Amino acid sequence: MRTGIATICLSGTLEEKLAAAADAGFDGVELFEPDLIGSRLSPAEVRIRAAELGLSIDLYQPFRDFEGVPVDQLERNLRRAEAKFDVMEALGADTILVCSNVSDDAIDDDGLAAQQLHALAERAAARDIRVAYEALAWGRHINEYDRAWRVVHASDHQALGVCLDSFHILSRGTSLDAIAEIPADKLFFVQLADAPHLVMDVLQWSRHYRSFPGQGGFELADFTARVLEAGYAGPFSLEVFNDVFRQADPRRIAVDAMRSLLALAEFVPGADSGRLPPPAASHGYAFVELAVEPASVGETQRLLHAMGFAQTAQHRTKPVALWQHGDVRILLNAGAAAAPGVAAIAVESADPDHSARRAEGLLAPVLSRQRGPDEAELSSIAAPDGTSVFFCRSDAQPDTRGWLQDFDALAPTGREAPTGLSRIDHVALAQPFDYFDEAVLFYRSVLGLEPHESLELAAPDGLVRSRAVSAADGNLRLVLTVPVLARDAAQHAGLQHVAFACRDIFGAAQRMRERGIGPLSIPENYYDDLAARLDLEPAAIEAMRECGVLYDRARGGEFLHFYTPIVGDRLFFEVVERRGGYDGYGAANAPVRMTAQRVPETVTEAAFAHRRPRITPAEREGDGAYNHA
Ligand code: MG
Ligand code: MG
């Protein structure tokens, strides 16, 4: 399928936009008129520049408020069009986008609109130009694609066809059935945009919140499949107005855009997605690598130890230790320069090379890795947030060296004391503000994960957006977060955590406490509210209160979880127990957690937390209840 992108999607000058589109591999662009008007390049120079870059100019847009006007205005509008045709000839662009009239003065008369569009098509045909007519979702009278098609059909001119824009159609919930009625030779142009489901004015929705396919909530695979079935053979062009993309690096956004089309094609029957290998079967996390600066190494080790991990091996050439709790593996890299965090996630893949090829096919940057002579070859790529993603097989293979063989086993210390952790449940990664949507699409498409609903959570420092992506069988889960508004230092939105699954949350909390670290303390008010909200046994609530365990329930399942203190202002751990069909992440509790973290407890303070006298509700209501502490 031919690919295109509207210059409006990208930031920068026209030259920068064209270069970014070409670098990302697009076949063509839609030239947004204000980008030309603001450029020092003449239309002829733009044509040369685009040709040098291997880009065609597939569409010139937009031409507004043409049809359905009083008869005495037609001639003036046609003169306006002729001036555009002059520009298009110099550009070498053969299709103009005419969007439906939004003026309050537009006349509600499809016959008149058809007549006037016929006159426009006549002038265009004389210059070998085609007119693609698009129903804007907020058009004054013509705001549905099927009505635009009826007008085009009535107009009956070979130089006039329709432009279908997925946003205008899907935002209104219009049935897609009429697409099949439009002859292929009348489908002049197709624009693709996704968007989150929002209840707001459709014009504002369109101008600020469009996103690339796979980043919002629209059924774009169905839309694209129907357009292909109708015989459309032109470019699929992205037209995305998005406040964040407009301020981000155009080269990155162009790559993100191209990735969205590659990923979309995978779900569209009949679309050419031949070069993309399907995701290999993945079996959860092989390991998570934490990079920790020297000052935080001790605290991190202490936390891992309290959670029942033991250092079992040391990398032969790098300052990296392997910590294990059964089959749950954490690599602790003590060589970080800055705050501690997740440096890498490793996916257990049935075929690591295949997984890496798929990632490359989706334009993921492949990381070259410094490797000693006898060390295992590990395929890895860089995610948009800088996290490395490894693909590996931890079980021994006869012909290849496994990554575990790069580690020298240490003698058991005899201090191993399992706390019942069974696997890594999820990893939560804070994302750079400009690249949140990119990251969601990246992890989703590269790892073959399903996106969950986007949530907005109240942190004490501002709203945080959170979106999870997970494998259908739940063995691989990621939670991505970003502050809703850009800011210089969004400390608590920038936290990262690794969550471990267990089958006995209270036992895990108890054993961690016995090993010297209490869970993040949760306010009494939380448990009072829990008792008021849910029909839980008082003893169950008391047990949760005792262990700092939070609770959520959904879809007949339950979720119990607690958090550790924070290391180095950035990293913490979570222990979770999923019961029944619960598939979420305790988002309802995130505001309580983020507020509790606002007054940080260090690992050392937490070690003594259980010795603090617990304050009963009765005491709290009396005078001086807090004087205990
Ligand atoms: Mg459009
Ligand atoms: Mg979590």
Side-chain angles (χ1 to χ4, degrees), residues 4-9 30-33 58-64 95-100 102 132-139 143 145 148 162-172 188-195 202-203 205-207 210 223 235-242 288 342 424-430 452 455 457 459 464 466-470 474 477-481 492-493 495-502 505 519-520 549-550 552 559-564 566 571-578 582-594 596-597:
I5 185 167
T7 54
I8 184 67
C9 301
E30 294 175 35
L31 185 53
F32 187 60
E33 186 170 64
D58 295 327
L59 190 76
Y60 187 67
Q61 67 128 317
F63 190 60
R64 299 184 190 279
T95 307
I96 189 169
L97 179 82
V98 174
C99 37
S100 59
V102 299
Y133 182 55
E134 173 189 50
L136 296 180
W138 54 91
N143 44 36
Y145 81 95
V162 293
C163 168
L164 299 183
D165 176 325
S166 65
F167 180 87
H168 294 305
I169 298 170
L170 299 172
S171 64
R172 296 182 62 102
F188 277 13
F189 208 77
V190 172
Q191 295 172 318
L192 294 178
D194 201 344
V202 72
L203 172 61
W205 188 12
S206 173
R207 294 241 168 111
R210 287 188 181 211
F223 174 83
F236 283 90
S237 187
L238 297 162
E239 190 199 31
V240 169
F241 308 85
N242 180 293
V288 167
V342 173
I424 294 172
D425 182 88
H426 63 273
V427 178
L429 300 174
H452 296 243
L455 304 170
L457 309 168
V464 175
S466 167
R467 197 162 189 202
V469 289
S470 69
R477 299 170 180 271
L478 272 170
V479 180
L480 307 173
T481 60
H492 286 84
L495 290 172
Q496 297 184 329
H497 69 269
V498 181
F500 304 105
C502 74
I505 192 83
L520 175 73
V549 167
L550 298 119
D552 191 24
F559 189 65
L560 294 94
H561 56 144
F562 69 83
Y563 299 96
T564 71
I566 299 173
L571 176 72
F572 62 97
F573 300 98
E574 180 183 10
V575 178
V576 313
E577 182 185 341
R578 295 178 182 276
Y582 188 93
D583 197 35
Y585 302 84
N589 298 323
V592 174
R593 186 258 296 167
M594 290 190 282
Q597 287 171 329

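Residues take their numbers from the sequence shown, with the count starting at 1. Counting starts at 1 for both ligands and their atoms, following the listed order. In this text, all values refer to a predicted model and were calculated from it rather than measured experimentally.
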Quick one: report the N, O or S atom of [X] that is nearest to the Mg ion (ligand 1).
X      : result
Glu134 : OE2
Glu239 : OE1
Asp165 : OD2

Return the name of the atom in Glu574, of element N, O or S, nearest to the Mg ion (ligand 2).
OE1

Can you tell if the side chain of Val162 reaches within under 4.5 Å of the side chain of Tyr145, non-hydrogen atoms only?
no

Please tell me whether Gln61 and Glu134 have a donor and an acceptor in their side chains that are separated by less than 3.5 angstrom.
no

Can you tell me how the ring of Tyr563 sits relative to the ring of His497, calling it parallel under 30°, perpendicular over 60° and tilted otherwise?
perpendicular

Kindly confirm or rule out a cation-pi arrangement of Arg578 over Tyr585, judged by NZ or CZ under 6.0 Å from the six-membered ring centre and within 45° of its axis?
yes

Quick check: does His561 put an N/O/S atom under 2.8 Å from the Mg ion (ligand 2)?
no

Separation of Leu97 CG from Cys163 SG (nearest 0.5 Å)
5.0 Å

Strictly under 2.8 Å, is any N, O or S atom of Gln61 next to the Mg ion (ligand 1)?
no

